[in-house]
> 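Pasting a structure below so you can have a look.
Worth knowing before you read on, the calculation uses all heavy atoms, side chains too, and leaves out hydrogens, waters and symmetry mates. For reference, positions follow the sequence shown, starting with 1.
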Amino acid sequence: MAENKFITDSGIVINNLYQPDSSNTNNELPGEFPYTRGVQPDMYRGKLWTMRQYAGFSTAEESNKRYKYLLANGTMGLSVAFDLPTQIGYDSDHVMSEGEVGKVGVAIDSLRDIETLFDGINLQDITTSMTINATASTLLSFYIALAKKQGADIKKISGTIQNDILKEYAARGTYIYPPKPSMRIITDIFEYCSNEVPKWNTISISGYHIREAGSTAVQEIAFTLANAKAYSEAAIAKGLDINVFGQRLSFFFNAHNNFFEEIAKFRAARRMWAKMAKDLGATNPKAMMLRFHTQTGGSTLTAQQAENNIARVTLQALAAVMGGTQSLHTNGFDEALNLPTEAAARTALRTQQIIAFESGVVDTVDPMGGSYFVEELTNQVEAQAWKYIEKIDAMGGSVSAIEEGYMQNEIATASYKYQKDIENSEKVIVGVNKFAVKEEVAPPSFRINDSIRIEQTEKLNKLKAERNNSLVQANIESLEQAAKDGRNVMPHIIEAVENLATLGEIADTFRGVFGEYKA
């Protein structure tokens, strides 16, 4: 609230009352272009969203236990978190990995780790989402190699790799190579999967991390859609058909606390992408449908009075469902303190199940459609987002805007303002700057021990002693030449990992050809 005005987190002024003539409600139906009201005509009456719980920590053995626990409690799909060395292309025994192995996700160095991670889990029977970007080509290759070893038909396996490197430059920082070669590897993945793994979602274009870095809701969808346009244009320039690869694009958004703005954001994003895809040449309806995964807002969770986070996550999850998400992860209430305990992860999953089976909000399609307030707010979010996209287009697109620092500066400015509003108590955070208590009992914590790196190093030493090192070297040289020649690198990565080349060896090969990006 400022100057007796009520405003959203994106600065949109909220009127006291909304009348029919202010909403511009049209007669659009769910499942019809431009999909404001949802991508399916029956939405959750036909099929609920996929309930995922993002998990990964310590070793592959420990993460495998958590996956089996989650599956036993009703999770519909897996979502893998990787540790920082895995994300930036270092094996666990590398000097840069010290202190980080297994801490924020599971440590994966080779195909053997992936085999352990999914031990007892049939990859053809589940969908798996992997939050991985700079090394996405290698992790997907591990997954494909394991599916083949399991006897799966790789044309039938399904899941998603995040593979969204542009938001790493703009907001998150786990990039390795410069933007242009990174984009080249991504389009190689598009091309390979279109032919060989057609059910795989080859990219999850992420607004989540843009929002976690401090953006507004409007900036989140504007920058995400601008990045989606850049990926699509790069793929089209490579000769790929948007009507084919466009069907395998997926999106990943954040859900924050401003309930109605979040719903409007999801609706506006669908409408905007439908228009953008059509302008890029899409004629297949499935290539114009924005399908998205949602995660509740990690940055909204507080260490103070951590149990309050259960209420926050519930509101955020409900906004995602009312906004028409296809997949959802709900955060554990203790995640501001540590990785979620099993009890917190179960409560987070039960939150989704209560919404799905007890609330009644899934019984009709687009229950917010026709709300004068939501329709007008959708229009305003869309209008502001288009203004950002027009600026980015004028700069030459997302890659140029990132290289010029435009996105980074806009996010930093929004983040600074949000934090100042909290410090000035213009923005109330319950339990932090209002309704605080002096003494609190911390919930049970979940910690990772520091012996993980030793265990992983021992595994790597054993692997290198047992594998055919001359064959691996030949594979690495073949990959290096393909990277230099401009040929698709995916078949070469898959062959290398099948012969037990490590993630770090493949990343170092690309480092040697492309160099490393320095912000």
Side-chain angles (χ1 to χ4, degrees), residues 48-83 102-107 117-121 126 128-129 131 208 212 254-257 293-321 325 327-359 429-432 435 437 439-452:
L48 290 173
W49 62 92
T50 300
M51 298 181 192
R52 299 187 187 277
Q53 288 303 114
Y54 184 50
F57 56 88
S58 184
T59 60
E61 291 89 346
E62 290 300 313
S63 293
N64 177 262
K65 291 176 186 176
R66 177 63 66 90
Y67 295 156
K68 288 176 177 175
Y69 173 82
L70 291 169
L71 289 167
N73 277 277
T75 292
M76 299 173 181
L78 298 178
S79 184
V80 185
F82 298 98
D83 72 356
K103 290 296 176 69
V104 299
V106 62
L117 186 67
F118 294 104
D119 180 55
I121 299 171
I126 61 164
T128 302
S129 174
T131 303
Y208 184 85
E212 288 292 282
N254 210 307
H256 263 234
N257 291 330
H293 170 71
T294 309
Q295 181 174 338
T296 54
S299 62
T300 69
L301 304 181
T302 65
Q304 302 91 328
Q305 299 179 39
E307 67 277 5
N308 292 345
N309 294 329
I310 297 174
R312 292 185 178 101
V313 168
T314 302
L315 280 171
Q316 293 164 7
L318 188 58
V321 171
T325 193
S327 172
L328 179 61
H329 164 86
T330 33
N331 288 334
F333 72 89
D334 56 355
E335 288 190 47
L337 299 165
N338 43 247
L339 291 170
T341 59
E342 281 195 352
R346 184 177 63 241
T347 297
L349 177 59
R350 294 290 183 258
T351 300
Q352 293 197 51
Q353 293 165 336
I354 289 167
I355 292 172
F357 298 108
E358 297 186 26
S359 71
I429 306 296
V430 173
V432 177
F435 312 115
V437 294
E439 295 183 8
E440 294 187 53
V441 177
S445 64
F446 184 81
R447 300 292 178 190
I448 302 298
N449 66 56
D450 290 321
S451 66
I452 306 302

> Would you mind reporting whether R350 and N73 have side-chain heavy atoms less than 4.5 Å apart?
yes
> Could you tell me whether the side chain of R52 and the main chain of L78 form a donor-acceptor pair under 3.5 Å?
yes
> Report yes if the side chains of N309 and R312 come closer than 4.5 Å at any heavy-atom pair, otherwise no.
yes
> Between T302 and N308, does any side-chain donor sit less than 3.5 Å from a side-chain acceptor?
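No, because no side-chain N or O of T302 sits under 3.5 Å from a partner of the opposite role on N308.
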> I'd like to know if the side chain of T330 reaches the main chain of A348, judged simply by a donor and an acceptor atom lying under 3.5 Å from each other, with no hydrogens or angles considered.
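Checking the backbone N and O of A348 against the side chain of T330, a donor-acceptor pair under 3.5 Å is found.
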> Does F435 offer a backbone N or O that forms a donor-acceptor pair with the side chain of Q305 under 3.5 Å?
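Present.
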> State, with a plain yes or no, whether a side-chain heavy atom of T347 is found less than 4.5 Å away from one of V313.
no
> Where do G332 and L301 come nearest, in terms of heavy atoms and distance?
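In terms of heavy atoms, the two residues are closest at O-CD1, 3.7 Å.
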> Which atoms form the tightest heavy-atom contact between G56 and S63, and what is the distance?
CA-OG, 3.5 Å
> Could you tell me if the side chain of V106 sits less than 4.5 Å from the side chain of N64, heavy atoms only?
no
> Between Y67 (side chain) and A55 (backbone), is there a donor-acceptor pair under 3.5 Å?
yes
> Locate the shortest heavy-atom distance separating T314 from T351; write the atom from each residue and the value.
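Result for this residue pair: OG1-CG2, 3.5 Å.
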> Hey, what do you get for CG (L337) to CD (E335), rounding to the nearest 0.5 Å?
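Here the rounded value is 10.0 Å.
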> Between G102 and A107, which heavy-atom pair has the shortest distance, and what is it?
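Distance-wise, the nearest heavy atoms are N-CB, 4.2 Å.
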> What residues, two or more places apart in sequence or in another chain, satisfy ring pair (Phe, Tyr, Trp, His ring centres under 6.0 Å) together with F82?
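With sequence neighbours excluded, F82 shows a ring pair (Phe, Tyr, Trp, His ring centres under 6.0 Å) to no residue whatsoever.
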> Could you work out, with side-chain contact (heavy atoms from CB on, under 4.5 Å) as the rule, every residue matching A356, not counting sequence neighbours?
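A356 satisfies side-chain contact (heavy atoms from CB on, under 4.5 Å) with L48, W49, M51 once adjacent residues are dropped.
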> Quick one: side chain to side chain donor-acceptor pair (under 3.5 Å) partners of E212, sequence neighbours excluded?
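Partners of E212 by the side chain to side chain donor-acceptor pair (under 3.5 Å) criterion, ordered by chain and then number, come out as N254, S299.
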> Are side-chain N/O atoms of T75 and Q53 paired as donor and acceptor at under 3.5 Å?
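Per modelled atom types, T75 and Q53 side chains form no pair under 3.5 Å.
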> Counting only N and O atoms by type, is there a donor-acceptor contact under 3.5 Å from the side chain of K68 to the main-chain atoms of D119?
yes
> Holding to side chain to side chain donor-acceptor pair (under 3.5 Å), I want the full list of residues that pass it with R346, two or more places apart in sequence or in another chain.
Y69
> Do you know which two heavy atoms are closest between I126 and T128, and how far apart they sit?
CD1-OG1, 3.5 Å
> Report the residues that fulfil side chain to side chain donor-acceptor pair (under 3.5 Å) with N331, sequence neighbours left out, ordered by chain and then residue number.
Q295, T296, H329
> Got a sec, which residues hit side chain to side chain donor-acceptor pair (under 3.5 Å) with T300, two or more places apart in sequence or on another chain?
Q316
> If we only count heavy atoms from C-beta on, is the F118 to V80 side-chain gap below 4.5 Å?
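A side-chain contact exists here, since the closest heavy-atom pair is under 4.5 Å.
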